[in-house]
Amino acid sequence: MSESKAGEAAGNRAAYEKTVEKFLQKAPERKAAFRTGGGLPLKRLYTPEDLEGMDYERDLGYPGMYPYTRGVQPTMYRGRFWTMRQYAGFATAEESNARYRYLLSQGTTGLSVAFDLPTQIGYDSDHPMAQGEVGKVGVAIDSLADMETLFDGIPLDKVSTSMTINAPASVLLALYIAVGEKQGVPMEKLSGTIQNDILKEYIARGTYIFPPKPSMRLITDIFEFCSAHVPQWNTISISGYHIREAGSTAVQEVAFTLADGIAYVEAAVRKGQDPNVFGKRLSFFFNAHNDFLEEVAKFRAARRLWAKIMKERFGVTDKGAQMLRFHTQTAGSTLTAQQPENNIVRVAVQTLAAVLGGTQSLHTNSYDEALALPTEKSVGIALKTQQIVAYESGVTETVDPLAGSYVVESLTNEIERQAAEYIAKIDGMGGMLSAIEKGYVQQQIQDAAYATQKAIESGEQIVVGVNKFQVEEDASERALLKVDESVGAAQVKKLQAMKASRDNLKVQECLSEIRSAAKDEGTNLMPKILEAVKAYVTEGEICGVLREEFGEYRENIVL
Amino acid sequence: MSERKVRVIVAKPGLDGHDRGAKVVARALRDAGMEVIYTGLRQTPEQIVQTAIQEDADAIGISILSGAHEYYFGRIIELLKERKASDILVFGGGVIPEDDVPKLKAMGAGAIFGPGTPTSVCIDWLNSAVREKWARETA
Amino acid sequence: MEKLIARALEGDHRSIARLISLVESESPQAEIIMRKIYPHSGKAHIIGLTGSPGAGKSTLADKIIAHFKSLGKTVGVIAVDPSSPFTGGAILGDRLRMQQHAVDPDVFIRSMGTRGSLGGLSRSTQEAALILDACGKDVVLIETVGVGQSEVDIVKIADTVGLILVPGMGDDIQIMKAGIMEIADIFIVNKADRDGADRVATEVNMMLDLLGMRPWRPPVLKTIAERNEGVEEVVSEMTRHADFLRRSEEGRRRRWQRLGMEVEEILRREIAAMVEVAWEKEKSPELFELLAARKTTPYEVAERILGTILTETCD
C-alpha cells in the first residue's frame, strides 16, 4: 500500500468510528457487549486489520494440503457430498433392520447404529441392571444372532457402518467382522467406524465400564489389529460432540477433543505403533451448534490445530495421518420441547455450519428428539434437510466459501489459540488422563453448562419458544414413537433360547482364553474376542470376564 | 440456631449417562440454599431409596433421558411405600413425553419438569412442597 | 419422640436418620435426644479419616467399610462436605463412592454439610457419631472435609485418626505446616503406585523419629484404594489401635480428656444461652447511651448481668 493510500484508509476508518459514535447516540446497540454462543467476544466490525500477520500459504494453504484449514480433500463437495449418515436403532434387531432398509431406500449413504444402554455398558438383556432399559435408546445386541438379524439383507461390502460403541467396542467390531464373514465379505473389505473413545465417556457421556488403563489397552489393541487386518476401518471417533452436549464452549470442545486425541496417539506410540500408520484411521466427531460463524471457524481451527499437533508433536509425515477427518451431528441440546417444529430450522442452520466447516459426514437430528425417539417422518425431514443443503443451497459448489472472511478467519485464529492454551495447561497437569482424574476437565464443562443455564434463565440468552415468543401448545396432537414395553421380555427369551442351543463347552473355552489374554498385556485381545463371538459367546459374558479382570471405573464427581 | 434445611437426593437411575441436567439442577438447588446429596450415575431404585432414608431426605429428584422413566418412577415409588417412606417427595425431569406425565403423577410423582424448564420453577416447587411436608410432620 | 428414639436404638435406619436431622438442625428436642442416647453410646470404635481433597478419602472409606463388614462388623459413616458460605447450600457427593453399601442393612451412610462451622466439623458431627454408636454401629467412620481446622478437630471426636497422604501433592509440606503429625494415629500413603510414594513414607517416618518415643508409634502404610490394595492392613492397624487405647494408660488419658471436653462444651453452651437471654433483657437504648457517654463501662454492665444470672440460677 502506498503511503497516501494508507493515510486515506486510516482517515476512512476514523471517519467511520466517528459516524458510529454519532449513530450510537441516536440508536444504541441491542447489547453492551456481543459474544458468540461459546462466549468469545465479537467486535462490531472485522476488517483486514484483524488479519494482520496472517500468511495465506502458512495459515490457510490449499484444500487437501497442510495445514488443511480449507478442507481435507482438494475438491471437497464438488467431487462427492459428505456421507449422510443418520444415527438410528431401537428396540429389537428386526425393527432396527427395517429402519435401516428404509433409510437406505431414501438415499442415506451410510448406516449409524445406536445401541441400547445395556449393550453400551456390556450387560446382556437379562442382567438385573438392564431392567427397564432394553431396546430403549437403541438396539439390543447380545450375541452374533442379533447382529445377523440387524444386518440381514444389507451387504456389508456396499455400505459403511458407524457404530456408537465405546467401552465394549472390541466386541461389537468383532461381531461386525463375524457377520461380514458369514456374508462372504472379508474383513479387509469392511469400512466403517467404531466410536471407541473412552476418555470422553469419563468426561461427558458416562457409558464407561473399565478403569482408564485397561480401557486404553483395549483401544490400542484395536488400533493394532485393524492396522493389520481391517485397513479401511476407522478405529476411533474422537468425540467432542458429547463434550459440547454436556455444556462446554466451542473452544473447550476443540481443546478437550484434541487433548483426548493426543492421549490416544501417545498410548499407541508407547506400544511401539507408528502414528503414520494408525494415524490415518483416527477420525473425529464434532457438534454443530447454533452460533453459525463460530461453528464454521471451530471446524477449521480444529483441522489446522490437529495437523500441527501430528506434524510437530508426533513427527508425522504421512499426509493422511495429519488430516483431521470428522463426522458431525447437529446439537441435540439445542432442540426444544416447546414448539418442536422450530427445531427443523435450527437443524438447517447447524447443517449449513457443518457443511461450510467441511465435514466428512453428517447426522441431522429430528425435530421431535427433545420429546422422544424420532419417528420415521421426523427422521425423513432431517435427512431431507441435508439433501436440500447439498443439492439446492449452492454452498457446495466451491471449496471453503467462507475463507478470507475477516470475522471467520479471526474466530478461527482465536479458537485455535485458546484451544492450544487449554492443551498446554492439560499437558502441564500430566496429560488428559490425569486432568480427568483431577476432575479439571469435568469442572470446566460443568461451569460452562451452569453459566449457559443461568444466561437462559436471566434472559440474556434467548431461546425462541422457550424464554421468548412462547405460545400455548397442545401436546396431545403429537405423534411420538414409543418403544413397546414388551421388547425387553422378548429379547430375554430370545437370548435364553440362543444360550440353550449353542456349544456351551466351546463358550467356556473361549471365555477362559479371553481371561488369560486379559491378564497378559502383551497379548492382543481382539483375535480372542473374535473367536468368542463366532461361537455365540454373548457380549455380557465377554465383558463380564473383563470386568472381573480389569475392575470397574467409578466416576470422579466434581460439582 | 441452625434452621432446618431442605435435603434433596439428586440421582441418575439406570444406565443413562447424560448427567448435564442432573448436575445443573444440583448446583441450582445448592445455590438456593438446599443440601443436595448427589449419588452419581447408575443407581438402582433400591440404592436411591435407601440413600433417601439414611439421608433423611425431603425429596428425591431423578433425571432420565433414556425413555425408561415409567419403570424407574414406578419402582422407586413402590419401594418408598414398602419402606413406609412415602412422605418423601419424588420429582424428576429429562426426556419425558408429556403424554406420560399424568401416568407418572398418578403413580405418585410430585412434579415432572420437562426440557427447557427454568431451574427457578423447580426450586419454587420444592420449597413449597417440602414446607407442606414439614407442616404435615408437625401436625 | 420416645418411640422414635426406641426404634433408632433398635437400629431402624429411618429413625436414626431422623434423629440425626433433629440434632443437626439444633431443634428444641436435640437435648432430649442426646440425653436419652448418651447412656447407650461408648461402645463403637470411632475413626476419623482426614487428608487433602483429592487424596482418595471416599474411595478408601468405601474399601474400609467392606473390610470391617467382612469381619462381621456393622458400620456407620458420616461424610462431611463444605457448605457454601453464601447460600448455606451444599452438594454432598462423598457417598457416591460408597454407594455399593447403600442397600446393606448393616451400613448406614450419612452426608453432612459443615453449615457454617469454621472447623469443618460441627458439634452435630460428634452428636451424629454418638447416635450411630448408641444405635448399634460397631464402627463409626467420619470422613472430614480435609481442609483447614477439620484436620485437627477430628482428634476431639475420633478414637483413631487416619491421615491420608498422596505422593506428588505437596502433602509433606502441608503436614509440617499444620502440625498434624501429632494427631494422626495411622498414616496412609494412598495412590502408592505413583512415583514418590516411598519417599513420602520415608519422610513421614523420619518426622516421627524426630517426635521421639511415644506409647503408640503411628504406622505408615501404603495403599492403592482404587484397587483395594493395602486396605486390609489399614483396617487391622485401626483395630490394633483401638485395642491399644482400651488397654493403655494413654487410652485412658484420651478418653478422660474427651469426656472432659464434652462436659466443658455443654457447660459453655448452657452458659452462653443464659448469657444471651440475660443480655437481651438488659439491652436498651438508654443503656447504650450511657455506654457511649462513658457514664458506665462494659465491665460494669457485664458484672451486673452476671450477678443477675447467678442469683436467678441460685433461686
Side-chain angles (χ1 to χ4, degrees), chain A residues 121 123 127-129 131 198 201-203 206 208-217 246-247 270 426-447 449-451 453-454 457 518-519 521 544 546-559, chain C residues 51-66 79-84 86-87 89-103 109 111 113-114 143 145-147 166-171 190-197 223-231:
Chain A
I121 300 176
Y123 293 125
H127 191 280
M129 283 298 284
Q131 239 185 319
I198 199 67
E201 297 294 335
Y202 301 137
I203 298 171
Y208 41 72
I209 305 177
F210 315 112
K213 223 174 135 209
S215 293
M216 292 302 272
R217 176 208 165 170
R270 261 200 303 277
I426 290 167
D427 285 340
M429 292 179 179
M432 199 53 168
L433 273 175
S434 80
I436 293 171
E437 194 192 335
K438 289 191 173 82
Y440 169 75
V441 183
Q442 300 92 310
Q443 181 89 55
Q444 290 289 312
I445 296 170
Q446 282 155 32
D447 287 349
Y450 196 44
Q453 180 70 26
K454 283 183 155 171
E457 292 190 15
K519 287 184 202 290
E521 254 193 79
L546 295 179
R547 275 187 158 94
E548 285 165 22
E549 292 304 317
F550 293 156
E552 288 190 58
Y553 177 78
R554 254 185 285 157
E555 72 182 301
N556 182 12
I557 162 209
V558 247
L559 273 165
Chain C
S52 317
K57 292 188 291 289
S58 305
T59 307
L60 189 65
D62 173 55
K63 299 298 194 288
I64 290 175
I65 299 169
V80 186
D81 266 322
S83 300
S84 156
F86 305 108
T87 66
I91 288 176
L92 311 173
D94 286 335
R95 71 174 292 142
L96 181 134
R97 291 189 176 267
M98 309 172 210
Q99 275 303 73
Q100 59 159 321
H101 304 293
V103 293
I109 304 169
S111 316
T114 51
E143 186 192 326
V145 176
V147 281
V166 178
M169 277 180 56
D171 278 339
N190 193 26
K191 307 191 185 179
D193 50 344
R194 289 194 182 171
D195 290 340
T223 58
I224 306 169
E226 210 148 75
R227 298 212 297 263
N228 201 17
E229 284 175 28
V231 183

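Naming: A, B, ... by sequence-line order, numbering from 1 per chain.
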Thr59(C) side chain reached by Arg554(A) side chain, heavy atoms, under 4.5 Å:
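Of all side-chain heavy-atom pairs linking Thr59(C) with Arg554(A), none is under 4.5 Å.
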
salt_bridge(Glu226(C), Lys213(A)) N-O dist < 4.0 Å
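A salt bridge is absent here (no side-chain N lies under 4.0 Å from a carboxylate O).
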
Proximity breakdown for Glu555(A) and chain C, heavy-atom pairs closer than 4.5 Å:
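Both the backbone and the side chain of Glu555(A) come within 4.5 Å of chain C.
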
Select one option (side chain, backbone, both, neither) describing which atoms of Asp81(C) are under 4.5 Å from chain A's heavy atoms.
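Looking at Asp81(C), nothing touches chain A.
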
